[in-house]
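Heads up, the thing below is written out as structure tokens.
On a predicted model such as this, the values are computed, not experimentally measured, just so you know. Atoms within each ligand, like the ligands themselves, are counted from 1 in listed order.
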Amino acid sequence: MDDKNQIFNELGVSDKVIEYGESVLAKLEKRFKAIDDIAERNQAKVLLAMRKNRVSAACFAGSTGYGYDDAGRDTLERVYADTFHTEAALVRPQITCGTHALAVALSANLKPGDELLSINGAPYDTLQEVIGIRPSPCSLAEAGVTYAQVELNSIGGFDFEAIKKAINEKTALVAIQRSKGYSMRPSFSVDQIGEAIAFVKKIKPGLVVMVDNCYGEFTELEEPSDVGADMTVGSLIKNPGGGLAPSGGYICGTSECVERCGYRLSAPGLGREVGANFGIIDRLYQGFFLAPTVTAAAEKGAIFAAELYEPLGFKCVPGASEKRHDIIQSIELGSEEAMLAFCKGIQEAAPVDAYATPLPWDMPGYDSKVIMAAGAFVQGSSIELSADGPIREPYAVYFQGGLTWAHAKLGILLSLQHMVSGGLAKL
Ligand SMILES: *Cc1c(COP(=O)(O)O)cnc(C)c1O
């Protein structure tokens, strides 16, 4: 037995899969270098924001109760605002997830009689209830906010003609989703998003533009907030939490929009003044500090997965050699059985719950059964190595995360091992 492979064999990866993996990796040096370059500059950006705001040990003090005058919380919000180059930021553990952050941003900035316009077709699954596309108590529809959407054009880009037609006197907020979510379209680059923002604002200058930035943070040198987004919104258990944030969400944007979000999140009159940090604020700081390199590790994993699976006949979005703008890699596996095998491999590579077998289940907010593989330190964290997908055509898994590149690599190799052992992929 090859000594070098022994530890990998013990984890369950065969020599054949290891060798195939190494042959794929041999071609990726240049692309990985480009990712490291972006990470370096984003690291500098975060560092600059921390230095400018004089982050000190005093910022890590816990707070309880109302959380009045929580300097650590307020400074963290300044660090986010300066990193995203916005006037203000709302960064709170009380924001329970990405959907919650988006719901706060939307409901705080839409009034009865306003229309919300999505210009990238249907928004992310869980937002459909927030908007009221699928009826739900407390949806925007219930509050008298109407909704319209413009489908993407045939090549997955913005349909500018149709967008122009859809903007009317009621249109108050335009939503753009950077990452593809559970669809097979490409994700948008910050440049593309900037072009769309400029276009809609030219038609109607008073429009508020919100970008769902989930999974996109730190994959490029710029964020949507650098190209005109009034609100840039995401989850702390994805990229910007760096794997350390135990919970939370953020909204970076104009003072006016972010103020309103504060009132929506707590209560009118109270706004951002309240909100204790429960003693977890140090993890939000440290996670944000690590986020650029953690995101880079996850991105390398995504590229490796595409390069590994595409030659075996599985359609990948983005394609193996395509440019990417988030950390999500979708792979069309073609059957439920293959989704189960893939997810089993990812689960086996987890530091937590490696013994568990992921099975499809009904999840709140999703309209079909979903399978999820995740053995994460933070429950449900998808900046940690994870794979998930709805059990429906085209049986695509969405693979993401990996706090270290070494871990992402192992997880992907184990997924392939299960596919190969189950006769679902052939080397
Ligand atoms: C994850 C995600 C969300 C929702 O985030 P949750 O934290 O799961 O609620 C919204 N939009 C996109 C594009 C996402 O990837």
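- Applying the 4.0 Å criterion to heavy atoms of Thr99 picks out, from ligand 1, the atoms 4 (C), 5 (O), 6 (P), 9 (O).
- The protein heavy-atom contact nearest to atom 1 (C) of ligand 1 is Lys238 NZ, 1.3 Å.
- Of the N and O atoms on the side chains of Arg178 and Asn213, at least one donor lies less than 3.5 Å from an acceptor on the other residue.
- Residue-to-ligand polar distances place Gly98 within reach of ligand 1: an N/O pair is separated by less than 3.5 Å.
- Here is the list of ligand 1 atoms found below 4.0 Å of a heavy atom in Gln177: 13 (C).
- The side chain of Leu102, and not its backbone, has at least one atom closer than 4.0 Å to an atom of ligand 1 (non-hydrogen atoms only; side chain from C-beta on).
- The main-chain N or O of Tyr124 is found under 3.5 Å from a side-chain atom of Gln177 such that the two form a donor-acceptor pair.
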Quick one: do Glu217 and Asn42 satisfy side chain to side chain donor-acceptor pair (under 3.5 Å)? Show the steps, please. CA-CA 10 Å; Glu217 299 91 351; Asn42 280 328; over 6 Å; no
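- Atom 13 (C) of ligand 1 has Asp212 OD2, 3.4 Å as its closest protein atom, hydrogens excluded (heavy atom only).
- The salt bridge (Lys or Arg N to Asp or Glu O under 4.0 Å) test applied to Asp82 returns Lys52, Arg78, not counting sequence neighbours.
- Below 30°, between 30° and 60°, or above 60°: for Tyr250 and Tyr80 the angle between ring planes is between 30° and 60°, a tilted geometry.
- In the vicinity of Tyr215, heavy-atom distances shorter than 4.0 Å reach the ligand 1 atoms 15 (O).
- With sequence neighbours excluded, the residues that form a salt bridge (Lys or Arg N to Asp or Glu O under 4.0 Å) with Lys201 are Asp230.
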